[in-house]
A.B. asks: 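I have a structure here, written as structure tokens, and I will follow up with some questions on it.
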Amino acid sequence: MRIFLLVFCLFLSGITCFSEAKEFVYTEDKQSENLHTVATLYASAEHTRFPSQFEDVATWASSLPKLQNTSLFGGRYWLVLDLVNASPYDELVLYPYNTVVSKIESRIYSKTGVERYVTGGNTPNEFAFHYGNTIRLKPGERYTLVTLLESDFFYTPTKLVIMPVEQFKQQVIVENLIMTLCFGVGIVLGLYNLLIYIGSKDTTHLYYAAFTACWVFAWSHFFHISDQLFNVYSAHLHWLGFALTPITNILFYNNLLRLKESHPNLAQASMLVGIVATMGVPFCILFPGFGFLWSTLVTGVALCLGLYIGVRCILDGFKPARYFVLAYVAMMIPNMVGNLTNLGILPPLTVNLYLLGLIGTALDAMLLAFAVADKFRLLHDDNLELNKNLEAKVLKRTFELEQLASELRDASEAKSRFLANMSHEIRTPMTSIIGYADGIVLGDIKPNERNNAIGIILQNARHVLGLINDILDMSKIEANRLEVELIESNLFDTIAQVESLLGKQIRDKGLEFELKYHFPLPDYIVIDPTRLRQILLNLTSNAMKFTTVGKISIEVKQAENRLFISVKDTGIGMTSQEQKQLFTAFYQADSSTSRKYGGTGLGLNISKSLAQKLDGDIEVKSEVGSGTEFTLTLGLYPTDKTRWISNFEEIHRDYQDQQYHRAEEHNTDLEGKVLLAEDHEDNRKLISRILERMGLEVTCVENGQLAVQAVLDDEFDLILMDIQMPVMDGEQALNFILATGSSTPVIALTANTMRHEIERYLKQGFIDHLAKPIDREVFAKKVSHYLNAPAPKEVSLPEDEFARLQEKYISGLHEQKVQIQNQAKYQDYEGLGRSIHAVKGTAGMFDCNAIQEKATALDSALKEQDLARIDDLVSQLLKAIDSAIELGCEKAS
């Protein structure tokens, strides 16, 4: 029961709990009994001294307060115990162990006198590397033991026992031998690995040496080596080595187990633990009591993490991790048992926990040395294997280099041929362009022949443009920057454009041309229509170029979620060898081909790259003299509005329906792209719908920064710019847009309508301004004016559409109301001004006239700083908002 209570008290206090003192009768079978558990402990003031004689002990002890527990951060306390020696020995040893303290002074009182004994870190000790004093107790005599323990710290519960002298001396010899062996292992292995590091520069050995140095330094203070050999005793150095042990050990096993390559996350986690442990070093030096708690915590965490990492590496098949795990188990068991015992979680043990911890750490160092040796054995085996295969690898590499040199020569020759072809391709049309242009300028060409000359110039210029486009696309492919834009696109429209561009040219050459659809086919698919058109134009142009008689056909069909488009001709055809090289850049069937038919040798290479980017490919079948068939295969991705077409009549009917709906939707001749920068979502939706009703293409952004980016990414015919926006306001955005050299007219869209404000906007570079809420008639006229087109007659939205937008705007008024209330309550007039400005510019656009009227009055009061009216005007505005929420804007107005 006493042991249970002791364990419970240890757990609650974190250090030590003591029971009432009793008379201790010493016999041979009580050599290991801890006197702390039977003695009475008293707290001590700084001035309290030992009693002077045996008769004064009882009175002296009764004046002292009982001690409940010791403090990690030091102090002094008394141990008082009545002793009776019932053993045959009169010469004994009073031995404090499992502790490190500054001074332990004991006095043994008897009727015949007082004997004084001193041990501890600050005094020379009687026994080598051990506390303790030889005492003399006559058998059968009654004594009183009074011990004063003084220290800057009390890390662990001190154990105090009485042993026969001869038995204690034998124990000292054994323990000193074990201690010397353990420290010798650490010092020898540390120096050995340091020397290896100096020679090999392998940091694994350096970190191992640092780790052993840390634990040798740490344990030396707990085995009294520094004070007894070097007469240096400092409590502030006790936990320095233990606090540095985690980081040195973590650095070591990160290199040993190659964690950065195998488990980068574990490597980062372990380094974080090591860094956190090292951050506590200054506090461990300043406060030894804190050092005890900190080192116990961080070494425990580091041990658990290291063991887990070692097991993971074993499971990965890294053999040296076996020794690593054994090393951690050897160090972990005694040290964790000691830590848990010191903290009171495990019951007290009679063994010397410090000695067990030292033995475990020494075993850890030895097993880690085996792990290092095993790792380098693996490296040695790898090197032997590498040397065995080195000759074969050199031969293989030599062959690869020869192949590469041959490919580079072929590429150089191909590019030389390409430059020669390009010289011919560009010079021929440029000769015609310059010749006919000079003829027109000099008057050599008659007026009735000028149109024909201009046509020839245009045709040759387009030919040169096509050459340049091919070269630019090839450069993008080599830089891996050729991009595709996947959008919803009408398949039949795209193919029809190819037919309209080349069908007439093919027929004019005297060839038949056929476009054949194998239904069913989807109308809308996800594709890049520009790149699809580019591929088909290239394949069809090639077919026309190499076909002099016969027919060219395009067939379209689908199967198994793939789209197949075949381009067939009855031209000159190709050999199987020529087909293998066909898609190589700068390649043409032979050098005479470019002279006879022209071309750069890039078109098919570019087309194949584009097809692959569209989840497809191009295949070719050909026979000499019988023609060629190119088959373009693409991934078939329908859209939500895809319809499957089964005949030509449906294609024609869909085209007519689209034309009708476009005319019905726009009802206007306006064309152009407009950029709308407006931070209020409801305003954006309303204004963009009005612009779309006018037939314009609208891009919407919510702040000035996005507006600037949009101008850099695209070209616009008109920009509508709100002034007050987050991130970047309209005036700042205008400055950036003007700096880009853009000449697009920018109209200020703002609720600020004071003359001086409008003048400031115009001076900054805005072409005009539009007041919010917008007057739709004025709005339409100004937009039309700057797009150089007549204003549409009707720009109003359908009533049901406007009602939906108005309803959404009203649903958002509650949030604006709460924001205005809070800003007014806390007198955030700057924020209130921004909120009122937004309400003022938006309410009128949704016919919430009452809200607009109250917001305008409040906006004026805020600008004039008329604080006396603000609260009343805020109240009126909130009432108008409540009415709109409850009744709707029209009834509230």
Side-chain angles (χ1 to χ4, degrees), residues 7 9-18 34 36 67-77 96-104 120-122 131 149-160 214-227 232-249 273-274 276-304 331-332 334-349 351-358 360-361:
V7 172
C9 291
L10 286 169
F11 180 77
L12 290 179
S13 66
I15 305 297
T16 313
C17 183
F18 306 102
N34 184 7
H36 259 72
L67 179 70
Q68 297 302 318
N69 54 57
T70 57
S71 170
L72 275 176
F73 298 96
R76 63 202 309 256
Y77 68 93
Y97 72 99
N98 200 48
T99 188
V100 179
V101 292
S102 302
K103 181 180 178 182
I104 303 174
N122 283 330
Y131 291 164
L149 293 96
E150 288 185 89
S151 189
D152 296 329
F153 50 86
F154 292 108
Y155 303 139
T156 58
T158 303
K159 294 183 174 67
L160 186 64
C214 286
W215 70 256
V216 166
F217 178 81
W219 281 115
S220 66
H221 289 81
F222 287 82
F223 286 88
H224 325 299
I225 291 175
S226 61
D227 51 282
V232 175
Y233 176 82
S234 175
H236 301 288
L237 298 177
H238 286 177
W239 300 103
L240 174 60
F242 286 115
L244 289 173
T245 298
I247 185 64
T248 54
N249 194 16
V273 170
V276 171
T278 308
M279 290 171 63
V281 168
F283 302 99
C284 294
I285 295 173
L286 293 173
F287 312 106
F290 170 83
F292 164 66
L293 294 175
W294 181 255
S295 298
T296 300
L297 174 65
V298 297
T299 54
V301 171
L303 283 170
C304 294
M331 181 169 62
M332 191 174 188
N335 282 285
M336 292 300 287
V337 169
N339 289 342
L340 296 175
T341 302
N342 292 336
L343 293 173
I345 298 174
L346 294 179
L349 300 174
V351 297
N352 190 332
L353 294 175
Y354 287 168
L355 188 62
L356 287 180
L358 177 62
T361 307

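The model shown is predicted, which means the values in this text are computed figures rather than measured ones.
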A.B. asks: Examine distances only and state if a side-chain atom of Y131 and a backbone atom of V101 form a donor-acceptor pair shorter than 3.5 Å.
C.D. replies: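 Yes; judged by distance alone, with no hydrogens or angles, the pair exists.
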A.B. asks: How close do P246 and V298 get, counting heavy atoms only, and between which atoms?
C.D. replies: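 Result for this residue pair: CG-CG2, 4.1 Å.
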A.B. asks: Just say parallel, tilted or perpendicular for the rings of F290 and F283, cut-offs at 30° and 60°.
C.D. replies: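 Geometry flag for F283 against F290: perpendicular rings.
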A.B. asks: Quick one: pull up CZ in F217 and NE2 in H238 and give me the separation to the nearest 0.5 Å.
C.D. replies: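 Reported value, rounded in 0.5 Å steps: 9.5 Å.
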A.B. asks: Which pair of heavy atoms, one from W294 and one from C284, lies closest together, and at what distance?
C.D. replies: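 Looks like CD1-SG, 3.6 Å.
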A.B. asks: Taking all atoms of both residues into account, what is the closest heavy-atom pair of N34 and T158, and its distance?
C.D. replies: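 Closest pair (atom of N34, atom of T158, distance): ND2-O, 3.7 Å.
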A.B. asks: What is the distance from atom OG1 of T245 to atom CE of M331, rounded to the nearest 0.5 Å?
C.D. replies: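 It comes to 8.0 Å.
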A.B. asks: Using 0.5 Å steps for rounding, measure from the CG atom of L358 to the CZ atom of F223.
C.D. replies: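 Output value for this atom pair is 4.5 Å.
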A.B. asks: Got a second to check how far H36's NE2 is from L149's CG, nearest 0.5 Å?
C.D. replies: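 Here the rounded value is 5.5 Å.
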A.B. asks: OH of Y97 to CG of L355: how many Å apart, nearest 0.5 Å?
C.D. replies: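 It comes to 11.5 Å.
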A.B. asks: Indicate the atoms forming the closest heavy-atom contact of V100 with F222, along with that distance.
C.D. replies: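 Taking V100 first and F222 second, the nearest heavy atoms are CG2-CD2, 3.4 Å.
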A.B. asks: Any idea which heavy atoms bring H221 and S234 closest together, and the distance?
C.D. replies: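 Closest pair (atom of H221, atom of S234, distance): CD2-O, 4.4 Å.
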A.B. asks: Taking the side chain from H236 and the backbone from I285, do they hold a donor-acceptor pair closer than 3.5 Å?
C.D. replies: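 Looks like yes, one N/O pair under 3.5 Å.
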A.B. asks: Pick from I247, T248, L240: which one makes a side-chain contact (heavy atoms from CB on, under 4.5 Å) with C214?
C.D. replies: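 With C214 as partner, I247, T248, L240 yield a single side-chain contact (heavy atoms from CB on, under 4.5 Å), made by T248.
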A.B. asks: Between W215 (side chain) and G241 (backbone), is there a donor-acceptor pair under 3.5 Å?
C.D. replies: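 Absent.
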